[in-house]
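Right, one structure below, let's go through it.
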Amino acid sequence: MSVKGILGLVGTGVMVLALIVGAFVFVERVPEGQVAVVYSPSGGAKKVLSPGWSVIGLFEKTTKYPTRITIIKDKVTVTTKDGKSISMPVSFEYKVSSDKVINIFKELGSQDVKQIQEGYMYQKLFRASRSVVSGYTVLDIYGTKTTEASAEISEQMAKDVSDLGFIVTNVTLGTPQLDENTEKAINARVQSAQELELKKQELQNEQIEAEKKKVVAEGEAQKKLIAARAEAEANALLAKSITPEILKMEEMKARNKFGWITIQGEVTPLVESK
(Lines give C-alpha, C1' and ligand atoms only; values in the text may rest on other atoms or scores of the structure.)
Protein backbone atom coordinates (compact mmCIF):
# COMPACT_ATOMS: atom_id res chain seq x y z
CA MET A 1 0.00 0.00 0.00
CA SER A 2 1.29 3.43 -0.87
CA VAL A 3 2.09 6.11 1.67
CA LYS A 4 -0.87 8.11 0.40
CA GLY A 5 -3.21 5.20 1.06
CA ILE A 6 -1.81 4.68 4.52
CA LEU A 7 -2.26 8.36 5.33
CA GLY A 8 -5.84 8.14 4.06
CA LEU A 9 -6.64 5.25 6.36
CA VAL A 10 -5.05 7.00 9.31
CA GLY A 11 -7.07 10.14 8.56
CA THR A 12 -10.29 8.15 8.34
CA GLY A 13 -9.51 6.44 11.63
CA VAL A 14 -8.83 9.76 13.31
CA MET A 15 -12.16 11.15 12.03
CA VAL A 16 -14.08 8.10 13.25
CA LEU A 17 -12.36 8.33 16.64
CA ALA A 18 -13.13 12.04 16.81
CA LEU A 19 -16.80 11.36 16.05
CA ILE A 20 -16.95 8.67 18.74
CA VAL A 21 -15.26 10.90 21.32
CA GLY A 22 -17.44 13.83 20.27
CA ALA A 23 -20.58 11.77 20.75
CA PHE A 24 -19.60 11.16 24.36
CA VAL A 25 -18.32 14.66 25.00
CA PHE A 26 -20.89 16.83 23.22
CA VAL A 27 -24.11 14.77 23.51
CA GLU A 28 -26.04 14.57 26.80
CA ARG A 29 -28.93 12.23 27.61
CA VAL A 30 -31.54 13.36 30.15
CA PRO A 31 -33.68 10.45 31.47
CA GLU A 32 -37.46 10.63 31.68
CA GLY A 33 -38.66 12.25 34.88
CA GLN A 34 -35.68 14.58 35.08
CA VAL A 35 -34.43 17.90 33.73
CA ALA A 36 -30.85 19.10 33.50
CA VAL A 37 -29.22 22.49 33.90
CA VAL A 38 -26.39 23.13 31.46
CA TYR A 39 -23.56 25.19 32.90
CA SER A 40 -19.92 26.02 32.30
CA PRO A 41 -17.28 26.53 34.99
CA SER A 42 -16.79 30.14 33.94
CA GLY A 43 -20.21 31.22 32.69
CA GLY A 44 -22.61 29.59 35.20
CA ALA A 45 -26.04 28.23 34.25
CA LYS A 46 -27.01 28.56 30.59
CA LYS A 47 -30.15 26.55 29.84
CA VAL A 48 -32.42 23.70 30.92
CA LEU A 49 -32.58 20.42 29.02
CA SER A 50 -35.77 18.36 28.82
CA PRO A 51 -35.72 14.52 28.77
CA GLY A 52 -33.99 13.09 25.68
CA TRP A 53 -30.73 13.57 23.80
CA SER A 54 -29.21 17.05 23.50
CA VAL A 55 -25.96 18.54 22.21
CA ILE A 56 -23.86 20.57 24.64
CA GLY A 57 -20.62 22.52 24.31
CA LEU A 58 -17.16 21.08 24.75
CA PHE A 59 -16.60 22.55 28.21
CA GLU A 60 -20.20 22.47 29.36
CA LYS A 61 -21.55 20.20 32.09
CA THR A 62 -24.98 19.33 33.45
CA THR A 63 -26.70 18.81 36.80
CA LYS A 64 -29.88 16.76 36.79
CA TYR A 65 -32.97 17.23 38.98
CA PRO A 66 -36.02 14.94 39.47
CA THR A 67 -39.37 16.22 38.20
CA ARG A 68 -41.14 13.02 39.28
CA ILE A 69 -41.88 12.13 42.90
CA THR A 70 -38.81 10.84 44.71
CA ILE A 71 -39.19 9.11 48.09
CA ILE A 72 -36.50 9.87 50.66
CA LYS A 73 -36.05 7.88 53.87
CA ASP A 74 -34.00 9.40 56.67
CA LYS A 75 -33.79 9.72 60.44
CA VAL A 76 -33.88 12.72 62.80
CA THR A 77 -33.08 13.15 66.48
CA VAL A 78 -35.16 15.84 68.18
CA THR A 79 -36.44 16.83 71.64
CA THR A 80 -40.08 16.60 72.74
CA LYS A 81 -42.09 19.07 74.81
CA ASP A 82 -41.36 17.12 78.00
CA GLY A 83 -37.62 17.12 77.36
CA LYS A 84 -37.17 13.63 75.92
CA SER A 85 -34.58 13.20 73.16
CA ILE A 86 -35.97 10.81 70.57
CA SER A 87 -34.61 9.39 67.34
CA MET A 88 -37.18 8.42 64.74
CA PRO A 89 -37.28 7.42 61.07
CA VAL A 90 -38.84 9.95 58.71
CA SER A 91 -39.80 9.67 55.06
CA PHE A 92 -40.99 12.31 52.62
CA GLU A 93 -41.74 12.76 48.94
CA TYR A 94 -40.31 15.56 46.82
CA LYS A 95 -39.67 16.76 43.29
CA VAL A 96 -38.54 20.00 41.64
CA SER A 97 -40.55 22.49 39.67
CA SER A 98 -39.08 22.36 36.16
CA ASP A 99 -39.49 26.11 35.66
CA LYS A 100 -37.44 26.89 38.79
CA VAL A 101 -34.42 24.61 38.36
CA ILE A 102 -32.25 27.57 37.33
CA ASN A 103 -33.01 29.15 40.71
CA ILE A 104 -32.05 25.91 42.44
CA PHE A 105 -28.79 25.77 40.54
CA LYS A 106 -27.96 29.38 41.33
CA GLU A 107 -28.63 28.79 45.03
CA LEU A 108 -27.08 25.34 45.48
CA GLY A 109 -24.56 25.27 42.66
CA SER A 110 -23.62 22.11 40.80
CA GLN A 111 -24.42 19.73 43.67
CA ASP A 112 -25.90 16.46 42.47
CA VAL A 113 -29.24 15.15 43.73
CA LYS A 114 -27.71 13.00 46.47
CA GLN A 115 -25.75 15.94 47.86
CA ILE A 116 -28.91 18.08 47.82
CA GLN A 117 -30.87 15.39 49.65
CA GLU A 118 -28.21 14.85 52.30
CA GLY A 119 -27.52 18.55 52.73
CA TYR A 120 -30.19 21.12 51.89
CA MET A 121 -33.25 18.84 52.08
CA TYR A 122 -32.14 17.15 55.31
CA GLN A 123 -31.50 20.52 56.92
CA LYS A 124 -35.04 21.67 56.10
CA LEU A 125 -36.48 18.35 57.31
CA PHE A 126 -34.58 18.56 60.59
CA ARG A 127 -35.62 22.15 61.28
CA ALA A 128 -39.29 21.45 60.59
CA SER A 129 -39.21 18.25 62.69
CA ARG A 130 -37.48 19.97 65.60
CA SER A 131 -39.93 22.88 65.54
CA VAL A 132 -43.06 20.70 65.40
CA VAL A 133 -42.03 17.88 67.76
CA SER A 134 -41.07 20.40 70.46
CA GLY A 135 -44.79 21.09 70.81
CA TYR A 136 -45.69 17.46 71.57
CA THR A 137 -44.93 15.13 74.46
CA VAL A 138 -43.12 11.87 73.86
CA LEU A 139 -46.38 10.00 74.50
CA ASP A 140 -48.10 12.10 71.81
CA ILE A 141 -45.43 11.28 69.22
CA TYR A 142 -45.35 7.64 70.30
CA GLY A 143 -49.12 7.33 70.17
CA THR A 144 -52.23 8.96 68.77
CA LYS A 145 -50.83 12.30 67.53
CA THR A 146 -48.14 10.99 65.17
CA THR A 147 -50.28 11.66 62.10
CA GLU A 148 -51.07 15.18 63.25
CA ALA A 149 -47.38 15.96 63.84
CA SER A 150 -46.44 14.46 60.44
CA ALA A 151 -48.94 16.75 58.69
CA GLU A 152 -47.51 19.80 60.47
CA ILE A 153 -43.94 18.90 59.51
CA SER A 154 -45.02 18.32 55.91
CA GLU A 155 -46.71 21.72 55.78
CA GLN A 156 -43.78 23.58 57.32
CA MET A 157 -41.10 21.86 55.24
CA ALA A 158 -43.08 22.38 52.03
CA LYS A 159 -43.34 26.08 52.85
CA ASP A 160 -39.60 26.37 53.59
CA VAL A 161 -38.49 24.89 50.25
CA SER A 162 -41.23 26.07 47.88
CA ASP A 163 -39.70 29.46 47.03
CA LEU A 164 -36.52 27.82 45.80
CA GLY A 165 -38.43 25.37 43.59
CA PHE A 166 -38.81 22.16 45.58
CA ILE A 167 -42.22 20.53 46.09
CA VAL A 168 -42.45 18.42 49.27
CA THR A 169 -45.41 16.22 50.26
CA ASN A 170 -46.33 13.39 52.63
CA VAL A 171 -43.86 13.62 55.49
CA THR A 172 -44.35 10.52 57.64
CA LEU A 173 -42.91 9.97 61.12
CA GLY A 174 -41.99 6.45 62.09
CA THR A 175 -42.01 4.90 65.56
CA PRO A 176 -39.56 6.72 67.86
CA GLN A 177 -36.59 4.86 69.27
CA LEU A 178 -36.66 5.41 73.04
CA ASP A 179 -34.38 4.59 75.92
CA GLU A 180 -35.38 1.59 78.03
CA ASN A 181 -36.77 3.55 81.00
CA THR A 182 -38.89 5.85 78.82
CA GLU A 183 -40.25 2.92 76.85
CA LYS A 184 -41.22 1.10 80.07
CA ALA A 185 -42.93 4.21 81.40
CA ILE A 186 -44.88 4.69 78.18
CA ASN A 187 -45.91 1.04 78.06
CA ALA A 188 -47.15 1.31 81.65
CA ARG A 189 -49.18 4.43 80.82
CA VAL A 190 -50.59 2.81 77.72
CA GLN A 191 -51.60 -0.28 79.69
CA SER A 192 -53.18 1.89 82.38
CA ALA A 193 -55.11 3.84 79.76
CA GLN A 194 -56.31 0.61 78.18
CA GLU A 195 -57.48 -0.75 81.55
CA LEU A 196 -59.29 2.53 82.28
CA GLU A 197 -60.98 2.39 78.89
CA LEU A 198 -62.02 -1.21 79.59
CA LYS A 199 -63.55 -0.20 82.93
CA LYS A 200 -65.41 2.65 81.26
CA GLN A 201 -66.78 0.23 78.71
CA GLU A 202 -67.84 -2.21 81.42
CA LEU A 203 -69.57 0.61 83.31
CA GLN A 204 -71.36 1.71 80.16
CA ASN A 205 -72.49 -1.87 79.58
CA GLU A 206 -73.79 -2.10 83.15
CA GLN A 207 -75.65 1.18 82.72
CA ILE A 208 -77.19 -0.04 79.50
CA GLU A 209 -78.26 -3.30 81.17
CA ALA A 210 -79.75 -1.38 84.12
CA GLU A 211 -81.67 0.85 81.70
CA LYS A 212 -83.05 -2.25 79.99
CA LYS A 213 -84.18 -3.73 83.31
CA LYS A 214 -85.75 -0.43 84.30
CA VAL A 215 -87.70 -0.27 81.05
CA VAL A 216 -88.89 -3.87 81.51
CA ALA A 217 -89.91 -3.23 85.13
CA GLU A 218 -91.76 -0.08 84.21
CA GLY A 219 -93.53 -1.99 81.46
CA GLU A 220 -94.61 -4.73 83.88
CA ALA A 221 -95.77 -2.17 86.43
CA GLN A 222 -97.73 -0.35 83.76
CA LYS A 223 -99.39 -3.62 82.70
CA LYS A 224 -100.39 -4.38 86.30
CA LEU A 225 -101.71 -0.85 86.74
CA ILE A 226 -103.79 -1.13 83.60
CA ALA A 227 -105.13 -4.55 84.72
CA ALA A 228 -105.99 -3.19 88.18
CA ARG A 229 -107.77 -0.23 86.71
CA ALA A 230 -109.71 -2.53 84.41
CA GLU A 231 -110.70 -4.79 87.32
CA ALA A 232 -111.75 -1.82 89.45
CA GLU A 233 -113.81 -0.41 86.64
CA ALA A 234 -115.47 -3.82 86.11
CA ASN A 235 -116.26 -4.10 89.82
CA ALA A 236 -117.67 -0.59 89.82
CA LEU A 237 -119.88 -1.41 86.88
CA LEU A 238 -121.01 -4.63 88.59
CA ALA A 239 -121.82 -2.76 91.81
CA LYS A 240 -123.83 -0.23 89.90
CA SER A 241 -125.77 -3.01 88.16
CA ILE A 242 -126.98 -4.65 91.47
CA THR A 243 -130.11 -2.69 92.46
CA PRO A 244 -132.67 -3.38 95.26
CA GLU A 245 -135.17 -4.46 92.63
CA ILE A 246 -132.76 -7.06 91.27
CA LEU A 247 -132.04 -8.36 94.75
CA LYS A 248 -135.80 -8.58 95.50
CA MET A 249 -136.42 -10.41 92.24
CA GLU A 250 -133.64 -12.93 92.97
CA GLU A 251 -135.10 -13.47 96.43
CA MET A 252 -138.56 -14.22 94.99
CA LYS A 253 -137.05 -16.66 92.52
CA ALA A 254 -135.32 -18.53 95.31
CA ARG A 255 -138.52 -18.61 97.44
CA ASN A 256 -140.56 -19.93 94.60
CA LYS A 257 -138.08 -22.64 93.87
CA PHE A 258 -136.84 -23.72 97.31
CA GLY A 259 -139.14 -22.23 99.87
CA TRP A 260 -138.16 -20.58 103.17
CA ILE A 261 -136.26 -21.75 106.25
CA THR A 262 -135.97 -20.23 109.68
CA ILE A 263 -132.44 -19.83 111.11
CA GLN A 264 -132.29 -18.53 114.66
CA GLY A 265 -135.59 -16.82 114.23
CA GLU A 266 -134.74 -15.33 110.83
CA VAL A 267 -136.73 -16.29 107.74
CA THR A 268 -134.32 -16.83 104.88
CA PRO A 269 -135.01 -18.10 101.35
CA LEU A 270 -133.12 -21.13 100.20
CA VAL A 271 -130.90 -20.59 97.18
CA GLU A 272 -129.65 -23.10 94.66
CA SER A 273 -126.25 -24.46 95.38
CA LYS A 274 -123.87 -24.30 92.40
Joint hydrophobic cluster, Ile153 plus Ile72, side-chain heavy atoms closer than 4.5 Å = yes
On a heavy-atom basis, the closest approach of Ser50 and Val30 is O-CB, 3.5 Å
Review item, side-chain donor-acceptor pairs of residues 93-102, under 3.5 Å, at least two apart:
from	atom 1	to	atom 2	distance (Å)
Glu93	OE1	Asn170	ND2	3.1
Tyr94	OH	Gln117	NE2	3.0
Ser97	OG	Asp99	OD1	2.4

Single-linkage hydrophobic cluster, 4.5 Å side-chain cutoff, Tyr39 and Val48 together: yes
Sorted by chain and number, sequence neighbours left out, side-chain hydrogen bond (donor to acceptor under 3.5 Å, both in side chains) with Thr175 holds for none
To the nearest 0.5 Å, atom NZ of Lys47 lies from atom CD1 of Ile56 at 8.5 Å
Margin query: What I'd like to find out is whether the side chain of Tyr65 reaches to under 4.5 Å of the side chain of Ile116, using heavy atoms alone.
Written below: yes
d(Gln207 CD, Glu211 CD) to nearest 0.5 Å is 8.0 Å
Taken to the nearest 0.5 Å, the spacing of Leu173 CG from Glu152 CD works out to 10.0 Å
In terms of side-chain geometry, is the basic nitrogen of Glu28 or Lys64 positioned less than 4.0 Å from the acidic oxygen of its partner? yes
**Q.** Shared hydrophobic cluster, Ile167 / Val37 (ILVMFWY, side-chain heavy atoms < 4.5 Å)
**A.** no
Where the side chain of Ser134 meets the backbone of Thr80, is there a donor-acceptor pair that is under 3.5 Å apart? no
Taken to the nearest 0.5 Å, the spacing of Gln201 CD from Ile208 CD1 works out to 7.5 Å
Scanning both residues in full, the closest heavy-atom pair of Thr146 with Ile141 reads OG1-O, 2.6 Å
Between the CH2 atom in Trp53 and the CZ atom in Arg29, the distance rounded to the nearest 0.5 Å is 6.0 Å
All heavy atoms of Pro51 vs all of Pro31, minimum pair found to be CB-O, 3.7 Å
Heavy-atom nearest pair, Ile104 first then Leu164, reads CG1-O, 3.3 Å
Shortest non-hydrogen pair, Tyr142 vs Pro176, comes out as CD1-CD, 4.0 Å
- Side-chain heavy atoms under 4.5 angstrom apart, residues restricted to Ile, Leu, Val, Met, Phe, Trp, Tyr: same cluster for Phe105 and Leu108? yes
One should read off an interatomic distance between Ser91 OG and Ile71 CD1, to the nearest 0.5 angstrom, of 7.5 Å
Donor-acceptor contacts under 3.5 Å from residues 119-133 side chains, at least two apart:
from	atom 1	to	atom 2	distance (Å)
Tyr122	OH	Lys75	O	3.3
Ser129	OG	Leu125	O	2.8

query = Checking Ser40 side chain against Glu60 main chain: does a donor-acceptor pair fall under 3.5 Å?
reply = no
Side chain Gln115, main chain Asp112, donor-acceptor under 3.5 Å:
yes
